[in-house]
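Proteins come first, then strands; the chains are lettered A, B, ... in the order of their sequence lines, and each starts at number 1. Predicted model only: the values in this text are computed from it and were never measured.
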Number of protein chains: 2
Amino acid sequence: MRLNPRRVAEVDRLIHEPARLMIITILSTVESTDFLYLERETGLTKGNLSSHLSKLEAADYIEIEKTYRGKIPLTICKLSEKGEKAFLNYRDQLKYIVENT
Amino acid sequence: MRLNPRRVAEVDRLIHEPARLMIITILSTVESTDFLYLERETGLTKGNLSSHLSKLEAADYIEIEKTYRGKIPLTICKLSEKGEKAFLNYRDQLKYIVENT
DNA sequence: ACAAATCAGTTTGTGCTACAAACTAGTCTG
DNA sequence: CAGACTAGTTTGTAGCACAAACTGATTTGT
């Protein structure tokens, strides 16, 4: 089995970025979750988390629903169908790298 | 088994960058190789390749030897001990991600 | 009652980095 | 010996990750 280097460079950079990879791995294990949970789990600052979520949303990889817990704003995030597929595909890329080196 | 998101963000960014990941995966499969081979295999431009190699060299992940093929300059690259270790460690990180998501 | 602190985020500014275009220094060819 | 080619390096720029500062509402302290 011969590794094709070009394939390595084809990884989805939107997912490849560690901060977003964290977010997506978390979202892949739960039905949905909120901003504050993601903030705690990832250790990202709010600003950073916010902008990464926006990017993932812009790519339709996640869906963001803004609602309220009582009177306090609540931001619910969940992986979209498209995001799930993209992540599965990304995992396959990683597997390909791990298995062929 | 519960995935720890923070571990995901700990990946070695020097290796994580796709262009450099290509370079390192190639170097991990050969004893050593030259600039032009890397250029062909990766599809990177010379400039881009040159700067990535410099970064890897600065981190002591690779060793670069400048010599001549006849009268024509020849740049030989090989993975260092440190680079090999770093790459093994990186692969373990990828494995961790693949196996826990 | 109203100032201060807290909550749940977003916007703005900055420094770094990947990338390609332009350049360099030497070699070969007609 | 002029022009093209080889093997790279340097320079300039656009984009991105990140944190600091801000926003706008709520709750707490006195």
- Evaluate the side chain to side chain contact (heavy atoms under 4.5 Å, CB included) criterion for residues A:D34 and A:C77: first the C-alpha distance (whole Å), next the side-chain angles of each, then the deciding distance (0.1 Å), finally the verdict. CA-CA 6 Å; A:D34 60 66; A:C77 309; over 6 Å; no
- Message: Within the 4.5 Å heavy-atom criterion, are A:I64 and A:L56 side-chain neighbours or not?
- Response: no
- Can you find a pair of side-chain heavy atoms, one from B:I72 and one from B:L74, that are under 4.5 Å apart? no
- Query: Is there side-chain contact between A:L3 and B:T25, with at least one heavy-atom pair below 4.5 Å?
  - Reply: yes
- Got a sec? Which of residues 64-79 of chain A come in under 4.0 Å of DNA chain C, heavy atoms? A:K66, A:R69, A:I72, A:P73, A:L74, A:T75
- Message: Which residues in residues 37-55 of chain B have a heavy atom closer than 4.0 Å to any atom of DNA chain C?
- Response: B:T45, B:G47, B:N48, B:H52, B:K55
- Below 4.5 Å, heavy atoms only, C-beta onward: do B:R69 and B:L36 meet side chain to side chain? yes
- Could you tell me the separation between the CZ atom of A:F35 and the C1' atom of C:dC7, rounded to a whole number of Å? 11 Å
- Contact check, residues 8-32 of chain A vs DNA chain C, heavy-atom distance under 4.0 Å, returns A:R13
- Check whether any side-chain heavy atom of A:I15 lies under 4.5 Å from a side-chain heavy atom of A:Y61, and answer yes or no. yes
- Query: Stepwise, does the side chain to side chain contact (heavy atoms under 4.5 Å, CB included) test hold for B:K95 with A:E99?
  - Reply: CA-CA 9 Å; B:K95 219 187 278 185; A:E99 284 170 4; over 6 Å; no
- Is there side-chain contact between B:F87 and B:L21, with at least one heavy-atom pair below 4.5 Å? yes
- Message: If the threshold is 4.0 Å, N to carboxylate O, is there a salt bridge linking B:R13 and A:E17?
- Response: yes
- Message: Are the side chains of B:I62 and B:S80 in contact, using a 4.5 Å heavy-atom criterion?
- Response: no
